[in-house]
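Structure record follows, encoded as structure tokens.
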Amino acid sequence: MASEGDFVHPKESGMEGLEEHYDLVIVGCGLSGCVIAEQASTNLGLKSLIIDKRDHIGGNCYDFIDEHGFRVSKYGVHLFHTVHDRVWDYVNKFSEWMPYEHRVKGRVNNTIVPIPPSQETVNTLFNANVHSPEEMEEWLKERRVVNDNPQNGEEAALSRAGPELYEAIFKYYTKKQWDKYPSELDASVLLRIPVRTNTDDRYFADKHQALPAHGYTRIFENMVLPDKNITIRLNTDYFEYKDKLPKHDLLVFTGPIDAYYASQGLPKLEYRSLTFKTEYHEPKKGELLNTTEKGEIRCPKDGYYQEALQVNYPGQEVDYTRITEYKHKPNQPKEVYDKPGTVIFREWSCDDGEPYYPVPNPDNRALYEKYREMAEKEPGVAFVGRLASYKYFNMDQAILNALEMYDDLVKEGKLKSKKPAGGESWCNIQ
């Protein structure tokens with residue numbers, strides 16, 4: 001892996017050589033854990049020990065320069081967007097940002113169309129001949145299956161999109177994502193599927209949309225590595241060392257809540273995970289890349305594998321869900337764009353691996369409520385983040401959740417200042 005710049009990343013693991021006492025011990029060096037540590041240090045002068053079983057900082061946001069010179073994400077593509085000014089102001093303390101509005105394409109019947117479905121999507125796939133939001137709404141209205149109380153995901157999707165879009169875009173993509181057809185899922189999973197009536201082909205509509213100029217890892221480097229109040233130990237599994245931790249006033253746990261209580265004998269919460277296959281190509285315009293039952297897939301232009309950063313495959317002709325091509329990102333090193341080659345990540349959903357997506361069904365919700373009730377009574381422990389909350393968080397939601405949890409811990413008197421009056425922030429963006 002290429003150099004991470006001027007930052008020295010932590011090499012130590014285990015509990016040797018630590019101080020006898022920390023104000024906080026934080027399990028997890030991702031967004032939730034690092035935000036809590038940074039806020040506790042900057043605002044209160046508190047010392048934190050962050051431990052993580054992985055060999056890098058940044059959690060699932062971690063990106064790096066690969067052997068071909070491309071900045072890629074180890075755990076899948078990340079796109080920052082938010083409506084929250086507090087989050088936008090916060091992340092700007094730790095990175096320079098460049099505007100970027102994400103657009104997703106879908107290869108449907110071997111034709112490239114915008115995702116979420118919009119006027120262009122239905123015109124291309126179904127010759128709908130709609131040219132205004134009113135015509136699009138009328139087209140949908142004629143097809144939607146009226147249902148005020150859908151009992152499963154299929155009924156919910158049909159009530160939102162109608163049968164044509166359901167079959168073309170949502171049915172089999174859902175099967176690949178969840179290993180269940182929509183008819184086997186809660187209505188809530190597909191009740192809010194996005195269908196656009198206008199021509200806006202942006203994937204997100206949030207007022208703040210941008211990419212960190214030097215990648216996501218740089219945010220964490222600026223946030224925690226220079227701070228003398230924050231000590232990090234990687235390759236250090238909490239469950240292996242929990243009886244050997246230094247003395248501390250508060251434990252912040254950002255891992256899966258069911259893992260914390262594994263010794264209680266309760267069932268595990270269900271998650272879906274992701275697996276990736278990385279490929280390097282040097283494609284030429286028109287070159288045959290793949291052949292499926294829907295036809296041939298050819299290279300759109302020299303040096304690029306596909307038409308966009310993210311192309312979804314909602315049909316049955318391939319078993320993967322999407323392909324990500326990082327060369328399309330504008331925050332790549334400048335020399336990348338002149339390279340003849342490109343790197344793609346094919347992506348599959350699966351049951352085993354890192355926990356990404358909670359599986360929404362009544363059994364899991366009921367089980368989580370049991371864990372949540374136990375967590376509320378756990379002395380000296382704060383459960384923070386998506387895994388501890390059994391919810392899927394976008395990046396901005398994870399940051400806001402951590403900031404608000406920090407606020408609550410201060411209000412409740414669980415975090416108290418040790419900082420002299422008039423102290424200044426140490427942060428220096430690099």
Just by distance, with hydrogens left out, do Asn235 and Ser13 show a side-chain donor and acceptor under 3.5 Å apart? no

Any side-chain heavy atom of Leu245 sitting closer than 4.5 Å to one from Tyr22? no

Does the pair Lys414 and Asp408 meet the rule for a salt bridge (Lys or Arg N to Asp or Glu O under 4.0 Å), with working shown? CA-CA 9 Å; Lys414 295 179 180 178; Asp408 290 342; over 6 Å; no

Contact between Met98 and Glu96 at the side-chain level, heavy atoms closer than 4.5 Å - yes or no? no

Do any N or O atoms from the side chain of Gln306 and from the backbone of Ile323 form a donor-acceptor pair under 3.5 angstrom? yes

NZ/NE/NH1/NH2 to OD/OE distance under 4.0 Å, Arg144 and Glu137: yes

Verify, without hydrogens or angle tests, whether Asn123 (side chain) and Val130 (backbone) share a donor-acceptor contact under 3.5 angstrom. yes

Is it the case that the side chain of Gln332 and the backbone of Lys329 share a donor-acceptor pair, with hydrogens and angles ignored and the cut-off at 3.5 Å? no

Could you tell me whether the side chain of His102 and the main chain of Leu309 form a donor-acceptor pair under 3.5 Å? no

May I ask you to decide whether Asp63 forms a salt bridge with Arg218, counting only side-chain N to carboxylate O separations under 4.0 Å? no

Reported CG-to-CG distance for the pair Asp249 and Leu24, which is rounded to 0.5 angstrom: 7.5 Å

Charged N-O contact under 4.0 Å between Glu354 and Lys74: no

For the residue pair Arg346 and Trp348, would you count it as a cation-pi contact if the rule is NZ or CZ under 6.0 angstrom from the ring centre and within 45 degrees of the ring axis? no

Nearest 0.5 Å please: distance from the SG atom of Cys61 over to the CD1 atom of Ile219. 7.5 Å

Run through Tyr100, Phe204, Trp88 and flag the one making a side-chain contact (heavy atoms from CB on, under 4.5 Å) with Phe80. Trp88

What I want to check is whether the side chains of Glu307 and His328 have a donor and an acceptor closer together than 3.5 Å. no

State whether Lys327 and Glu325 are salt-bridged, where the test is any N-O pair (Lys NZ or Arg NE/NH1/NH2 against Asp/Glu carboxylate O) under 4.0 Å. no

Going from CZ on Arg143 to CG on Leu158, what distance comes out if it is rounded to the nearest 0.5 angstrom? 13.5 Å

Between atom CG of Asn229 and atom CD of Glu38, what is the distance when rounded to the nearest 0.5 Å? 11.0 Å

Main-chain N/O of Lys180 paired with Glu184 side-chain donor or acceptor, under 3.5 Å: no

What I'd like to find out is whether the side chain of Leu140 reaches to under 4.5 Å of the side chain of Leu165, using heavy atoms alone. yes

Under the 3.5 angstrom rule, does the side chain of Thr321 hit a backbone N or O of Glu347 as a donor-acceptor pair? yes

Lys176 atom NZ: more than 12 heavy-atom contacts under 6.0 Å: yes

Output every pair passing ring-ring contact (aromatic ring centres under 6.0 Å, His included) with a member in residues 37-60, not counting sequence neighbours, ordered by first then second residue. His56-Tyr62, His56-Tyr75

Under 3.5 Å donor-acceptor, Thr121 side chain and Gln119 backbone: no

Of Leu125, Val122, Asn312, which is the lone residue that meets side-chain contact (heavy atoms from CB on, under 4.5 Å) with Val113? Leu125

Exercise answer: donor-acceptor pairs, residues 375-383 side-chain atoms, under 3.5 Å, sequence neighbours excluded:
unit_1 : atom_1 : unit_2 : atom_2 : d
Glu376 : OE2    : Arg372 : NH1    : 2.6
Glu378 : OE1    : Tyr261 : OH     : 3.0
Glu378 : OE2    : Tyr260 : OH     : 3.3

Taking the side chain as every heavy atom from C-beta outward, state whether Asn331 and Tyr216 have any atom pair closer than 4.5 Å. no

Ignoring hydrogens and geometry, is there a side-chain-to-backbone donor-acceptor pair from Asp66 to His68 under 3.5 Å? yes

Can you check whether Leu269's main-chain N or O pairs, donor with acceptor, with Asn364's side chain at less than 3.5 Å? no

Counting neighbours of CG on Asp352 that are heavy atoms of other residues, nucleotides or ligands and sit closer than 6.0 Å, is the number greater than 12? no

Does the pair Glu240/Lys53 count as a salt bridge with the N-to-O cut at 4.0 Å? no

Name all residues meeting the side-chain hydrogen bond (donor to acceptor under 3.5 Å, both in side chains) criterion together with Tyr166; count only those two or more places apart in sequence or in a different chain, and write none if there are none. Glu154

Pair Asp85-His208, side-chain donor/acceptor within less than 3.5 Å: yes

Do you know the tightest heavy-atom contact between Asp201 and Pro114? CB-CB, 4.3 Å

Between the main-chain N or O of Leu49 and the side-chain N or O of Thr231, is there a donor-acceptor pair closer than 3.5 Å? no

Check whether any side-chain heavy atom of Phe170 lies under 4.5 Å from a side-chain heavy atom of Pro117, and answer yes or no. yes

Would you call the rings of Tyr271 and Tyr390 parallel, tilted or perpendicular, where under 30° means parallel and over 60° means perpendicular? perpendicular

Residues Arg202, Asp200: salt bridge by 4.0 Å N-O rule: yes

